[in-house]
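All residue numbers refer to positions in the sequence shown, counting from 1. As the structure is a computational prediction, the values presented were derived from the model and not from experiment.
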Amino acid sequence: MFSARGFATRSSRSLTALRQYATATQIPVKTAKAPTPRNKAAAEAAASGKKLTNYGKIFRPEKTFLHHTYAKILASNRIMLICQHNNMSVTELIQLRTELTAAGAEMKVVRLGVFSAALEETRYANLAPLINGPTCVISCNISPEEEEAESSSKTPKGLGGIRKVVEKNSKMILLGGRVDDALVSVDDMKKMVEMPGIQTLRSQVVGLLSQAGGGRLVQLLNMNPTLLVMNLDAHAKSGGEGEGETKADE
């Protein structure tokens, strides 16, 4: 049991310390201290230069694994989109992953701190403001040719298929992302989907070059090399004739 006298003594000491803190001309500032290793393994890690958590422990292997996973997603996919998912159940997430797989994509719910750290190590760090709240990443590595070939099918693949799946789900919000080496917004994605495919654009360029104006362009581009060859040929002939005349005079 606590005695009344002891309780009163502790209370008076607390009030005295509080008065001293309140009447002090300069409030003491707590200086940040380096985390103290909590065990032998943490001490060895700190001695080797590795960072410790605020609790003096080694970073968990799970976080290291997630960091490597996120870095691989950012580096090895042609399309990487950032979305926000709101109150989706496990069943809804499974259904969404199934539909995205049919579109040639994969979805992964990310941990914000670890994914932001992986994103900051790339040249796409400007996407960091999009990482907020419940976030998931949709990745796809389908080539532009395959994407165009499947664009008119019932289940298109690539960027068009991903947008179709995400837009019909009211609990998913598409925020932005990366396509090839370009950072894109939602409006940019819409324009890219509406554009003709890469093969169609190539055919149109070839068609333009085959027309009268295009043929003239090709002719002009080939004119300088042709003139150069003709001048060199004429110079060679004139040089040969000069040498023949010199020998005849001798």
Side-chain angles (χ1 to χ4, degrees), residues 32-143 146-147 157-159 161-163 165-166 169 171-186 189:
K33 297 181 179 179
T36 303
R38 296 299 181 89
N39 50 48
K40 184 178 179 181
E44 292 176 353
S48 63
K50 294 183 179 179
K51 294 182 179 180
L52 302 178
T53 65
N54 294 333
Y55 301 100
K57 298 180 180 180
I58 304 175
F59 280 102
R60 292 180 296 172
E62 293 85 356
K63 288 190 175 181
T64 304
F65 173 77
L66 287 175
H67 186 277
H68 292 330
T69 302
Y70 298 156
K72 185 177 180 180
I73 291 174
L74 291 168
S76 60
N77 287 282
R78 192 178 70 87
I79 300 173
M80 192 278 298
L81 306 180
I82 299 174
C83 301
Q84 192 174 79
H85 61 94
N86 299 314
N87 300 323
M88 295 188 71
S89 64
V90 175
T91 304
E92 291 172 333
L93 285 173
I94 293 174
Q95 178 63 27
L96 180 61
R97 283 193 172 97
T98 303
E99 294 178 359
L100 288 172
T101 301
E106 296 181 357
M107 187 192 77
K108 182 174 286 295
V109 178
V110 299
R111 297 184 62 174
L112 303 187
V114 183
F115 185 77
S116 296
L119 189 63
E120 289 291 340
E121 296 175 0
T122 68
R123 54 179 175 171
Y124 311 115
N126 288 340
L127 293 174
L130 301 180
I131 312 301
N132 189 21
T135 304
C136 63
V137 173
I138 300 175
S139 57
C140 177
N141 204 27
I142 290 180
S143 65
E146 185 178 357
E147 185 176 351
K157 294 185 178 181
L159 184 60
I162 295 172
R163 287 187 70 253
V165 172
V166 173
N169 194 317
K171 295 183 178 181
M172 287 285 290
I173 302 175
L174 187 58
L175 303 176
R178 171 181 64 85
V179 178
D180 293 322
D181 290 330
L183 302 183
V184 294
S185 64
V186 178
M189 293 182 221

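The NZ atom of K171 sits 15.5 Å away from the SG atom of C83 when rounded to the nearest 0.5 Å. In this structure, CG on L183 lies 8.0 Å from CE on M80, to the nearest 0.5 angstrom. Between I138 atom CD1 and N77 atom CG the span is 12.0 Å, to the nearest 0.5 Å. Here the OG1 atom belonging to T69 is positioned 6.0 Å from the NZ atom belonging to K108, to the nearest 0.5 angstrom. Note that CD1 of I82 and CG of L130 are 5.0 Å apart. Values are rounded to the nearest 0.5 Å. The structure places CG of L96 at 5.0 Å from CE of M172, a figure rounded to the nearest 0.5 Å.
Between the R178 side chain and the L74 main chain, a donor and an acceptor come within less than 3.5 Å of each other. A donor-acceptor pair under 3.5 Å links the side-chain atoms of T122 to the main chain of L119, judged by distance alone. A donor-acceptor pair under 3.5 Å is formed between the side chain of E147 and the backbone N or O of L159. In terms of modelled atom types and a separation under 3.5 Å, the side chain of T135 and the main chain of G133 share a donor-acceptor contact.
V166 and L174 make their closest contact through CG1-CB, 4.1 Å (heavy atoms, listed as atom of the first residue, atom of the second, distance). Nearest heavy-atom pair across N86 and P134 is OD1-CG, 4.1 Å. Contact between V110 and V137 at its shortest, heavy atoms only, is CG1-CG2, 3.8 Å. Listed here is the closest heavy atom pair of C136 and M107: SG-SD, 3.9 Å. Scanning both residues, I162 and C140, for their nearest heavy atoms gives CD1-CB, 3.9 Å. Annotation for A125 and E120: closest pair CB-OE1, 3.7 Å, computed over non-hydrogen atoms.
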Could you walk me through whether R111 and E62 pass salt bridge (Lys or Arg N to Asp or Glu O under 4.0 Å), step by step? CA-CA 11 Å; R111 297 184 62 174; E62 293 85 356; over 6 Å; no

Trace of the side-chain contact (heavy atoms from CB on, under 4.5 Å) decision for N169 with M88: CA-CA 10 Å; N169 194 317; M88 295 188 71; 3.7 Å; yes

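Around the CG atom of D180, the shell of radius 6.0 Å holds more than 12 heavy atoms that belong to other residues, nucleotides or ligands. Residue E106 qualifies as open at atom CD: its count of foreign heavy atoms under 6.0 Å is 12 or below.
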